[in-house]
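Notes to accompany the following structure.
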Amino acid sequence: MNKKLFASALTLAMLLSVLAAIPVFAIPLPPGGILHIVPNPINLVGAGAGTEVEVSITIDNINPTGPGVGGVQVKLQVSDISIVKFKALSASNPVGHFMDPDGSAEFDGNLWKVTPPKVAADGKTTECAITFYDMPLAISSGDAPIYVSGVIMKVKLVVVAEPPYGGSVSALLSFVIDDCVVGDINGAELVADDSETCQYTNEWSPPSGVPHLEVIPKDTVLTALGQRFNVSIFIKNLDDDWRLVGFNFKLNYDDSMLLLTNTYNGTFLETYAGAPNGGVFYIGPVNGPDYVIVGGMILPDENGTYHPDPILGWSHGEGTLYIVEFEGILQGAYPTTYSCALDLEDSWVDLGNYVGEMIPKDPSVDGTYLMKSIRTMLPGKAIDLYRCDIADPWGAQGLADDTTGEAMFTDMIWPQKEMCLRANVTYNGWPQQNKDVAFEVMLFDVENPDLNYTVMTVLVARTDENGVAHVSFRMNWPCDDPESLFGIWKVTATVDIACDVITDYFYFKYDYLVRIWKVTTDPLAEVGHNGLINVTVEFGSRRITPELILITVTLHDELNYPLVTGTKAFTQWLTWPYSEQNMTTYTQFLACRYENYTGSVELKVDKSVVAGIATLHVCALSTWPHLDGSALCEEGRATIEILPYWAP
């Protein structure tokens with residue numbers, strides 16, 4: 001199809017005026033659609049300077065009963081070019097332009113840009129105007145007037161200002177009202193809505209990676225007492241956008257193995273603390289019995305303002321925050337080694353930024369310390385007798401020391417209880433297989449001298465591939481005088497290694513698991529009907545490891561009727577407070593002392609209780625009999641008189 005370069009004087013006049021000529025009508029003009037900014041709003045997160053965002057100007061809601069659109073001019077502005085500005089895309093129409101959705105008008109050479117999409121030199125505004133070369137031809141071809149929705153032009157926004165730490169920057173995009181014109185095919189202006197605005201926001205985004213602390217080197221091995229070593233508290237994976245200026249940490253260690261001898265400031269923060277900043281201020285060290293706490297921070301200038309290094313920027317990467325020096329103070333005989341963690345306690349690790357906020361962190365990486373054994377002090381032949389049913393330290397694990405008189409004590413045993421014994425036989429720490437071990441159980445201390453040093457049993461067992469021999473027995477419960485065997489017992493194990501007999505032994509207490517010492521009532525002697533009786537039970541146990549027991553209290557009246565409201569009870573954990581003083585020599589036997597307890601229940605004397613002397617029955621049980629519980633000792637008793645009166 002041949003088309004004229006200029007269709008008519010009317011069209012040419014419309015083009016040259018850039019659609020600015022506005023005829024005056026006495027009645028409202030037909031609507032020319034609504035102009036939009038897409039996307040709207042424009043929300044960026046962590047976009048750096050130079051980041052580009054494509055923006056489209058679109059039109060829709062052109063009145064289908066009106067004259068339709070023959071041309072359009074738009075101009076868009078941004079409120080603050082120090083934050084964001086425009087950049088042109090190209091001079092060509094976007095694909096699917098609202099005036100040529102199928103591309104036929106442009107293919108035929110009929111579509112003509114009056115002004116290509118252009119951007120002001122400062123990037124503050126962008127504009128575009130478009131119509132047809134030959135309006136009658138466009139009308140006859142069915143290209144005009146326009147009623148469809150679509151894109152008028154596309155431009156780019158370029159990020160100028162990055163958001164501040166933890167904050168955002170924003171600007172407003174809006175149409176330049178006097179420079180936005182929608183015209184019909186005759187050049188008359190149509191009423192169009194160009195009031196839409198678009199909020200642009202660029203919010204700060206935290207870095208994807210977070211820092212953590214490490215103990216460097218991760219593993220330290222010493223070979224002799226008195227040797228010293230340093231560990232560095234190292235920060236890793238620090239992004240400069242966290243803007244870190246301070247730290248705090250707590251390093252835990254075992255003070256029985258290590259002595260903290262010195263501390264030194266690190267070098268990491270100093271790199272970023274130069275003028276006009278005020279250097280680095282260290283807090284501590286605060287030395288506890290088995291820990292050290294240290295903090296440090298870059299000081300701001302005299303106005304309280306922080307300044308990134310002009311070359312390096314904010315602190316980043318990795319480096320040493322602090323150095324701690326230790327000395328090894330414990331070494332064992334072969335094959336015993338001592339080791340402990342150099343533990344960075346995460347609840348104490350704090351990393352702070354320049355506005356005083358905590359920076360997120362990954363878990364710390366701890367270190368380990370190990371002192372090798374003294375190989376010139378080989379243990380040689382050894383036997384370790386212990387109970388396999390009781391955990392360390394109350395199973396007699398370890399060797400008795402005859403040179404100091406110290407002996408190993410295990411937890412108590414009560415009547416009919418089975419005792420499981422093991423003996424570990426080694427030579428220089430290596431198991432000795434197929435060695436016959438003799439076990440002896442002897443009454444060592446008892447109130448009845450005639451039974452003292454009675455040997456209850458002697459057993460023999462052969463060591464297995466791990467050098468361990470195993471036997472077991474139950475504590476006797478004589479018929480005539482069952483308590484006659486109560487007291488302290490000694491268990492001895494011996495083995496012959498290369499014609500040398502070696503020995504280990506331990507002691508334990510044989511007694512009731514619980515003894516009821518006293519049962520008292522309040523009131524003490526008598527109570528009327530409907531009155532309350534508070535019963536207090538005092539009892540004791542030699543039990544070291546925790547054990548839960550049940551104490552029951554029942555009232556029987558003078559005719560042996562139990563109280564209608566039944567038996568009352570309470571539970572008690574038997575525990576023994578562990579301390580170094582309780583781990584004492586066998587001459588004192590304090591490891592077998594009683595730990596005393598007190599509990600109480602309240603009973604109400606109902607009308608059915610007969611007047612006279614009532615008896616309180618107090619029992620110590622492993623649990624209720626209907627739950628397969630059993631008695632732990634003889635019951636305790638007390639009496640109280642029930643008066644033939646009502647309680648006041």
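Tested against Tyr510 for a ring-ring contact (aromatic ring centres under 6.0 Å, His included), the candidates Trp477, Phe486, Trp414 yield a single pass: Phe486. Just one of Ile233, Leu251, Val215, Val349 meets the side chain to side chain contact (heavy atoms under 4.5 Å, CB included) condition when paired with Ser364; it is Val349. Here the rule is side chain to side chain contact (heavy atoms under 4.5 Å, CB included) with Glu325, and of Leu260, Thr261, Leu259, Val231 only Thr261 fits it.
In this model, no donor atom of one side chain and acceptor atom of the other lie less than 3.5 Å apart for Trp314 and Asp239. The closest side-chain donor-acceptor pair between Asp301 and His307 falls under 3.5 angstrom. Checked by atom type, the side-chain pair Asp384/Asn424 shows no donor-acceptor distance below 3.5 Å. In this model, no donor atom of one side chain and acceptor atom of the other lie less than 3.5 Å apart for Glu538 and Thr598. Side chain to side chain, Tyr165 and Asn353 meet the donor-acceptor criterion of an N or O pair below 3.5 Å.
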Problem - Steps toward side chain to side chain donor-acceptor pair (under 3.5 Å) verdict (Tyr369, Asp254) - result: CA-CA 10 Å; Tyr369 159 77; Asp254 190 325; over 6 Å; no
Handout entry: Step-by-step side chain to side chain contact (heavy atoms under 4.5 Å, CB included) determination, Leu44 to Val159
Key = CA-CA 10 Å; Leu44 304 183; Val159 173; 3.8 Å; yes
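For Lys490 and Tyr505, the positive end sits near the middle of the six-membered ring, less than 6.0 Å away and at most 45° from its axis.
Aromatic ring centres of Tyr597 and Trp573: separated by at least 6.0 Å. For Tyr322 and Tyr264, the ring centers sit 6.0 Å or farther from each other. Separation of the Tyr253 and Tyr291 ring centroids does not fall under the 6.0 Å cut-off. Between Trp517 and Tyr594, the distance separating the two ring centers is shorter than 6.0 angstrom.
Salt-bridge annotation for Lys435 and Asp496: absent, with no side-chain N of the basic residue lying under 4.0 Å from a carboxylate O of the acidic one. Salt-bridge annotation for Arg387 and Asp389: present, with a side-chain N of the basic residue lying under 4.0 Å from a carboxylate O of the acidic one.
Within 6.0 Å of the CZ atom in Phe473, the count of heavy atoms belonging to other residues, nucleotides or ligands exceeds 12.
Scanning for side-chain contact (heavy atoms from CB on, under 4.5 Å) contacts around Glu162 gives Ala49, with sequence neighbours left out.
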